[in-house]
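I have placed the structure first, in the form of structure tokens, so that the comments after it can refer back to it.
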Number of protein chains: 2
Amino acid sequence: MNTERRTLASVIRTVPDFPKKGIMFRDITTLLKDPEAFREAVDIFCSRYADQRIDKIVCVESRGFILGAAIALRLNAGFVPIRKKGKLPAATLRQEYALEYGTDVIEIHQDAVSPGERVLMHDDLLATGGTISAACKLVENLGGTIAGLSFLIELNFLKGRAKLGAYDVFSIIQYDAE
Amino acid sequence: MNTERRTLASVIRTVPDFPKKGIMFRDITTLLKDPEAFREAVDIFCSRYADQRIDKIVCVESRGFILGAAIALRLNAGFVPIRKKGKLPAATLRQEYALEYGTDVIEIHQDAVSPGERVLMHDDLLATGGTISAACKLVENLGGTIAGLSFLIELNFLKGRAKLGAYDVFSIIQYDAE
């Protein structure tokens, strides 16, 4: 790990027992409110993808919107939101995915990605990988080519990366244990 | 209206009867997915606030996160989210505000803004002004100084601006009628 990444990890706040007992919640708001840390994170993502001719950044609601929008601006790419069911106003594609208990549904606008466009996926956190897998299906169903999956944080012990073997997965900060 | 602003208005999509019958929904996703339009919007905001020594951009969940994060990056300011009740993990301040029917609650982290910091508020849309008024109270209760309120879209006919007389209010695109 280089110095830059150590610095970024040090501005993540860990909140015990949120949203429920036993969960160590990794709070990115302490990084986002720090202009230097925020810019460093964006710089790391952008240096990785700068040469990959990214057309669109597809971001998962809602924390994924934050760094995703900054990356889109810097890479001169379009920004595309993936949202929970019923939030997007025009014609959508929907994808169901499994939660710990039950299922949830995310949507993308049908005209958000054009066939052949190169797409960088972004979310703040890679946990079990369920949401981002569903998001990738949506983009591929629109004909997009997924250039990579990018996360600020990866929870290694949840093994989400194993579910995403078909893709290039990148994260800046990793946690090996809860 | 200058040419740049006409161009931005032309990439907003209007979706009739969303989220319910009779509402003309102004959909910003068609602007966000267009890299030039996205950058133009950010440029307009940043040229307005570049000389105002903005420390933090405080943004309302979740569409407000998108342009707000891009503005924060460009102005070298910190990004602060205001979220619905129960989403922020650490100690918060809460503010209730009126909806058409009933009330809702938004929150900010208590350590998100320090006393004396200069804050730019951002949301995608100014409608009746209820949410942004509540958001301003939160920032002021933390001791922040509100330098301005910024919106991509303003629905003039809902007269939100009249409720915000104490502040400098700026919007890029205005609609005079539903």
Side-chain angles (χ1 to χ4, degrees), chain A residues 13-19 23-39 41-43 46 54-59 61-81 83-84 86-91 108-109 111-114 117, chain B residues 13-19 23-39 41-43 46 54-59 61-81 83-84 86-91 108-109 111-114 117:
Chain A
R13 167 166 54 192
T14 297
V15 180
D17 300 323
F18 185 89
I23 303 287
M24 299 292 277
F25 188 86
R26 308 302 177 171
D27 176 17
I28 67 169
T29 66
T30 39
L31 183 153
L32 299 170
K33 75 172 180 173
D34 175 334
E36 287 186 21
F38 181 85
R39 197 178 52 231
V42 174
D43 286 347
C46 291
I54 303 295
D55 298 301
K56 297 271 171 67
I57 319 287
V58 171
C59 306
E61 182 174 21
S62 65
R63 284 193 306 263
F65 289 0
I66 304 168
L67 284 165
I71 298 166
L73 180 75
R74 188 72 75 70
L75 291 182
N76 200 24
F79 174 96
V80 173
R83 302 200 66 181
K84 297 288 169 61
K87 300 280 193 75
L88 291 170
I108 194 169
H109 272 147
D111 63 358
V113 173
S114 301
E117 283 189 325
Chain B
R13 167 164 54 190
T14 297
V15 181
D17 299 324
F18 185 88
I23 303 287
M24 299 293 276
F25 187 86
R26 308 302 177 170
D27 176 18
I28 68 169
T29 67
T30 38
L31 182 154
L32 299 171
K33 75 172 180 173
D34 175 333
E36 288 186 21
F38 181 85
R39 198 179 49 231
V42 174
D43 286 347
C46 291
I54 303 295
D55 298 301
K56 298 272 170 66
I57 319 288
V58 171
C59 304
E61 182 174 18
S62 64
R63 284 193 305 264
F65 288 179
I66 305 168
L67 284 165
I71 297 166
L73 180 75
R74 189 71 77 70
L75 292 183
N76 199 24
F79 174 95
V80 172
R83 302 201 66 181
K84 296 289 169 61
K87 300 280 194 75
L88 291 170
I108 194 169
H109 272 147
D111 62 358
V113 173
S114 302
E117 284 189 325

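Both backbone and side-chain heavy atoms feed into the values below; hydrogens, waters and symmetry mates do not. Here is the naming used below: chain letters follow the sequence lines, and residue numbers restart at 1 for every chain.
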What part of L88(A) lies closer than 4.5 angstrom to a heavy atom of chain B: side chain, backbone, both or neither?
both
Quick one: pull up CZ in R83(B) and CZ in R63(A) and give me the separation to the nearest 0.5 Å.
5.5 Å
Could you pull out the closest heavy-atom pair between G78(B) and P35(A), with the gap in Å?
N-CG, 3.6 Å
To the closest 0.5 Å, what do you measure between CD1 (I108(A)) and OG1 (T29(B))?
10.0 Å
Does any heavy atom of chain A fall under 4.5 Å from the side chain of I71(B), the backbone, both, or neither of them?
neither
Residue pair D111(B) / R13(A), side-chain heavy-atom distance below 4.5 Å:
yes
Counting heavy-atom pairs under 4.5 Å to chain B, which of L75(A), N76(A), L73(A) comes out on top?
L73(A)
For chain B, the option from V113(A), V80(A), T30(A), D27(A) that forms the most heavy-atom pairs under 4.5 Å:
D27(A)
Proximal component of F18(A), with respect to chain B [non-hydrogen, under 4.5 Å]:
side chain
Below 4.5 Å, heavy-atom pairs only: which of A77(A), A112(A), A72(A), A37(A) has the largest tally toward chain B?
A77(A)
If you measure from NZ on K56(A) to CG on L32(B), what distance do you get to the nearest 0.5 Å?
11.0 Å
Under a 4.5 Å heavy-atom cut-off, does chain B meet the side chain of P89(A), its backbone, both or neither?
both
Residue pair E117(B) / K33(A), side-chain heavy-atom distance below 4.5 Å:
no
